[in-house]
Amino acid sequence: MYFEIKNDALKSIKNSLKKLNYEIPEDIKLEFPPNPKMGDLSTTVSFQLAKKLKMSPMDITTKIMENIETSEIFDRVKSKGPYINFFINYDLFSKKLLETVSDNCGKLPSTGKKIVLEHTSANPNGPLHIGHIRNSIIGDSLKRLLKTAGNEVDTQYYVNDMGRQIAMIVFGMEKLGLNIDEDLAENYKNNENQLDNKIDHQIGQLYFKVNEYINENNDQKIEVDNLIKTYESGSNPEKDKVFEKAVNDCLTGVKQTLSKLNVVHDDFIWEGRFVRNGDVDNLVKDLIATDYTKADEVLCLDLEDFGIEKELVLRRSDGTSLYSTRDLAYHKWKSEQGDSVLDILGSDHKLAIKQISIALNLLDEKSPEVIFYEFIILPEGSMSTRRGVFISVDELIEEAISRANKEIKDRRVDLDEEEINKISEEIGIGAIRYFISKVSPEKHITFKWDEALSFERGCASIQYAHARACKLLEKCGHFDLNEEKLSLSSDKIEDNWNLNDSEMDLIRTIAKFPLVVEESANMMRVHPIAQYAQDLASAFNKFYKSEQVLGCEIESARLLLVDKARIAIKNSLNLLGVAAPTKM
RNA sequence: GCCCUGAUAGUGUAGUUGGAUAACACGUAGGAUUGCGGAUCCUAUUCCCCGGGUUCAAGUCCCGGUCAGGGCACCA
């Protein structure tokens, strides 16, 4: 709705400027006044013009005001100082809104663009820990946001099957006799209470032990190197199977975890394929042709001309490839899969991705757009799979759900076990996803249980607003709770509906949703959505508290308003990958 | 040492085209339920790290500090 209103306001301003023979600035600034009492939209165009016209902003505003005409959606337009403020006609606006908001509210028209989005891509050498979760949650929310904003999005998990880590795991299994207990892993699937048995956790423990062993027996490193060489050459199919199984096992566990968080990838791309299919070799050849490579002891790419002192090593002296070389081949491939490439990366990858971007430019390929995030650390310090110091995402999920469970049991004695479990899960997962998505990625997060999982501050209150709306609608008799559908047409809106403050505020907030989607998608940021969902819930709660809906004179109008609020809350939560329970 | 990021009420955060009275949540202190769920609402409280500069206008841009985190591998 605001898109249309903004256009109308813009047209009014332009017409007025035209009449005055003033120059029309290319982008006339329109913003929201600090307080709705001051208007619904305002422009600072007079400031913009002051210098060119050699007039004071105040005088320009006076002139504009003498000539301005507005469309009927605005009640009036008033100046305050040099600001020009537009006031919406809420009788018209609210009816229009209630007529137009539908189930897919927030969805923008197609851009025709395809984005390849890589996120999570954690090494398959252990379970996801709460450091990884920021990547997954930002990535998955961004996917939802960009899709809603009209893009086609393909999400990929880049699987590091060829790195030293996996070789170490294979080494541990073959040389140290460490093994994965399949029965225990299977056992976990059937009754999820022994996290240590979960297959990716078993692999994590194995990896930790191998690290300890190698640290004490440095001479054994050569064995690991040999394993890397063998796997990379593809000369030993038996060995390949061992590698592949280890990776797949770990991935099985990782996928279980992600799916609980409502995170699903479209593709899993194994880095090994880029070595096996010759892409890495070809890429190295192409880079040599650019004359930027140097071959001293090893082959590397000299990036000094681009302001990077550190050269990028392309091959080990034993001829095997490195992570960054394979990643380069992967990026080249990705850039051919869509119109743009988007990576979600921890800020520790900043230098590496910069090197990769420059190399891609040398090869005339698109470089990726990157969203960096800072680390989540524990109060006692940073996490490490290698050192075995971390809180796993599975632990976090268990704790979140169990806290939600306790909470809901206290409040709802009327619900059966199955319902309670389902709702606890929705609330627990919501708390986690909301906690991460509400802060901007460049901010450091120190993880504290109570802050991450508090239901007072956070997501549960938004979900509660949704549940409340559903309950109210259910009582009116025209609402199907299973289908979540209100059968009440907008021509039932009463003619004598004069909106009060809380209604206007709610209308305004709902109407903003597509605007928030557009702006957030443009910035590729999800935390404004979290804030918006909170604002929406708050506007709804205020309305709910101050106005009676059922049995009032304007029941139809208010029921429709509640229904639209419900949809907006649900859809905004959905952008964050958070469920909207109909009761809780 | 060089490079990158952060610093906003007691706490955690928003504030990205420079614009009006800096927003939200929690905390604390009060208050609200004869009506649809109190996981709610209302009131009070308190903030732009320091020093310069640009501008009609700076939390926002520029320069110089301080503190915190990260990066600078034949690791990923």
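Residue numbers begin at 1 in each chain, while the letters A, B, ... track the order of the sequences. Keep in mind that this is a model prediction, so the values were computed, not measured.
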Do the side-chain N or O atoms of A/His349 get closer than 4.0 angstrom to the phosphate oxygens (OP1, OP2) of B/C4?
no
Residue A/His527, side-chain atoms from C-beta onward, closest of B/U16, B/U17, B/A32
B/U16
Whether each nucleotide of nucleotides 18-23 of chain B has a protein heavy atom under 4.0 Å at its base (B), only at its sugar-phosphate (S) or at neither (-) is summarised, 5' to 3', as SBBB--
Taking atom P of B/A76 as reference, at what distance in whole Å does atom CH2 of A/Trp270 sit?
17 Å
Using only side-chain N and O atoms of A/Lys443, determine if any of them is under 4.0 Å from OP1 or OP2 of B/A14.
yes
Any donor-acceptor pair, under 3.5 Å, between the side chain of A/Ser347 and the base of B/C4, if you only look at N and O atoms?
no
Rounded to the Å, how far apart are A/Leu453 CG and B/C26 C1'?
15 Å
Would you indicate, yes or no, if B/G37 has its OP1 or OP2 atom less than 4.0 angstrom from a side-chain nitrogen or oxygen of A/Arg468?
no
Might you work through the ring pair (Phe, Tyr, Trp, His ring centres under 6.0 Å) test for A/Tyr464 and A/Phe540, ending with a clear yes or no?
CA-CA 11 Å; A/Tyr464 177 68; A/Phe540 174 76; 9.5 Å; no
With a 3.5 angstrom cut-off on both distances, give the Watson-Crick or G-U wobble partner of B/U33, or none if there isn't one.
none
With side-chain contact (heavy atoms from CB on, under 4.5 Å) as the test, pick out the partner of A/Ile371 among A/Val526, A/Asn135, A/Leu142.
A/Leu142
Test salt bridge (Lys or Arg N to Asp or Glu O under 4.0 Å) on A/Arg558 and A/Glu553 and set out the steps.
CA-CA 10 Å; A/Arg558 284 188 175 155; A/Glu553 279 181 16; over 6 Å; no
Can you tell me the Watson-Crick or wobble partner of B/U54, both distances under 3.5 angstrom?
none
Establish, for the pair A/Arg468 and A/Tyr544, whether the NZ or CZ atom is under 6.0 angstrom from the six-membered ring centre and no further than 45 degrees off its axis.
yes
Atom C1', compared across B/A9 and B/A44: separation rounded to whole Å
14 Å
Using Watson-Crick or G-U wobble geometry with both distances under 3.5 Å, which nucleotide pairs with B/A44?
B/U28
To the nearest Å, give me how far apart CD1 (A/Ile376) and C1' (B/G70) are.
15 Å
What does B/A22 pair with, Watson-Crick or G-U, if both distances are under 3.5 Å?
none
For B/G1, give its Watson-Crick or G-U wobble partner with both distances under 3.5 Å, or none.
B/C72
Is A/Tyr544 stacked on the base of B/C36 when the test is centres under 5.5 angstrom and planes under 30 degrees?
yes
Run the numbers on A/Glu484 and A/Lys570 for salt bridge (Lys or Arg N to Asp or Glu O under 4.0 Å), then give the verdict.
CA-CA 11 Å; A/Glu484 299 186 27; A/Lys570 183 179 170 172; 2.9 Å; yes
A/Ile427 has its side chain closest, among B/A39, B/G69, B/G37, to B/A39
Looking at A/Glu380, I want to see if its CD is surrounded by more than 12 non-hydrogen atoms of other residues, nucleotides or ligands under 6.0 Å.
yes
Rounding to the closest angstrom, what is the interatomic distance between B/G12 and B/G52 at atom C1'?
31 Å
Of the options B/U40, B/C74, B/A76, whose atoms approach the side-chain atoms of A/Ser317 most closely?
B/C74
